[in-house]
Colleague: 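Here it is: the structure, laid out below.
Just follow the structure's listing: the first ligand is 1, and inside any ligand the first atom is 1.
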Amino acid sequence: MEAAIEQDKTKLPIGVFDSGVGGLTVVREIMRQIPNESIVYFGDTARVPYGGKSKETVTKYSRQIVRFLQEQQVKAIVVACNTASAYALEALEEETHLPIIGVVKPGAKTAVETTRNGKIGVIATKGTIRSEIYTQYIQQLNQNAQVVGKACPLFVSLVEEGLLEDPVTEEIAQRYLSGLIDVGIDTLILGCTHYPLIRSTVGKVMGPEVSLVNPAYETAKELKELLEEHHILRSDKPALGTNQYRFFVSDGAGDFQEFANSIFKYGVLSAKEIDIEKY
Ligand code: DGL
């Protein structure tokens, strides 16, 4: 009987959330690494950006989203937002019985494995930088590592505007990143889920000597391990015609869908608006 219940659980979706479209870079990686899994994504497009908001506000928003995802009967949750991982993950871990994972720890781990000179840069929102969470995790793994953080708030709007490879984005990247080049970092964490979408611009400005770390890759890998640990990794493909990937937003479903289709191979046929304040 218990085995039957366990088996059913594997078929439940994974809940993934972000303040907007950025978390889709994590979804893309989950689709690639564990293609049997179903996903329910929530993008808080009505309240984006989270990056300049207080810990209390981001935690309140994250709790509402977790309640919504639980209503969707997810089996695990991925906080695909660095700001929410930095500010709210600890509280969410204490409050929910579901396996839950953020993007910061996996990103820190990859950076420590990547650096050769021990100088690691982190670009992220103001909130993530202010929390110093990357520094804490990195120095837990390597206490001699030097971590230099830089908030790059305009990157989020540039990505949401679709200016991924644009002279304006390059100009702003040069201003934000010149200090990190001067320090001589050899590894740079893209510490905001929006930033992998401007990876080529950031790479052009930083130069070929600097390795760029996208925490999404390691997050999807650790998610797979977490599902295995809890015996809820799905082993079979969902039946043809089932809605394997479902997308919800708090505003602007049409724009979200258009954006999602510009970065996925998979066609996002619909995104549904919900009132997240109800949760
Ligand atoms: N995607 C969010 C993150 O990873 C940043 C966008 C925002 O400021 O809401 O931190």
Colleague: Does a side-chain N-to-carboxylate-O contact under 4.0 Å join Glu56 and Lys60?
Modeller: no

Colleague: Under 4.0 Å from a heavy atom of Thr83: which atoms of ligand 1 are those, numbered in the order shown and with their elements?
Modeller: 3 (C), 10 (O)

Colleague: Could you tell me which atoms of ligand 1, counted from 1 in the order shown, lie closer than 4.0 angstrom to a heavy atom of Gly51?
Modeller: 7 (C), 8 (O), 9 (O)

Colleague: Under 4.0 Å from a heavy atom of Asp18: which atoms of ligand 1 are those, numbered in the order shown and with their elements?
Modeller: 1 (N), 2 (C)

Colleague: First locate atom CD of Gln244, then atom NZ of Lys237, and finally report the distance between them rounded to the nearest 0.5 Å.
Modeller: 6.0 Å

Colleague: Would you mind finding which of Cys81, Gly127, Pro49 brings a heavy atom closest to atom 2 (C) of ligand 1?
Modeller: Cys81

Colleague: At less than 4.0 angstrom from any non-hydrogen atom of Tyr50, what atoms of ligand 1 do you find?
Modeller: 7 (C), 8 (O), 9 (O)

Colleague: Would Lys75 and Glu37 pass as an ion pair if we require N to O under 4.0 Å?
Modeller: yes

Colleague: Heavy-atom contacts with His194 under 4.0 Å: which atoms of ligand 1 show up? List them by number with element.
Modeller: 1 (N), 5 (C), 6 (C)

Colleague: Do the charged groups of Asp236 and Lys11 touch, with an N to O distance under 4.0 Å?
Modeller: yes

Colleague: Under 3.5 Å, is there a donor-acceptor pair linking the side chains of Thr187 and Thr114?
Modeller: no

Colleague: Thr125 versus ligand 1: do any nitrogen or oxygen atoms come within less than 3.5 Å of each other?
Modeller: no

Colleague: I need the contact type for Asn82 against ligand 1. Using non-hydrogen atoms and a strict under-4.0 Å cut-off, is it side chain, backbone, both or neither?
Modeller: both

Colleague: Restricting to ring pair (Phe, Tyr, Trp, His ring centres under 6.0 Å), what partner residues turn up for Phe68, sequence neighbours left out?
Modeller: Phe42, Phe248, Tyr279

Colleague: Can a side-chain donor-acceptor contact be found between Tyr61 and Asp44 if the only test is distance below 3.5 angstrom?
Modeller: no

Colleague: Hey, which atoms in ligand 1 end up nearer than 4.0 Å to a heavy atom of Val48?
Modeller: 9 (O)

Colleague: Salt bridge check: are Glu171 and Arg175 linked by an N-O gap of less than 4.0 Å?
Modeller: yes

Colleague: Which atoms of ligand 1 have any heavy atom of Ser19 under 4.0 Å away?
Modeller: 1 (N), 2 (C), 6 (C), 7 (C), 9 (O)

Colleague: I need the nearest protein heavy-atom contact for atom 5 (C) of ligand 1: residue, atom name and distance, please.
Modeller: Cys192 SG, 3.2 Å

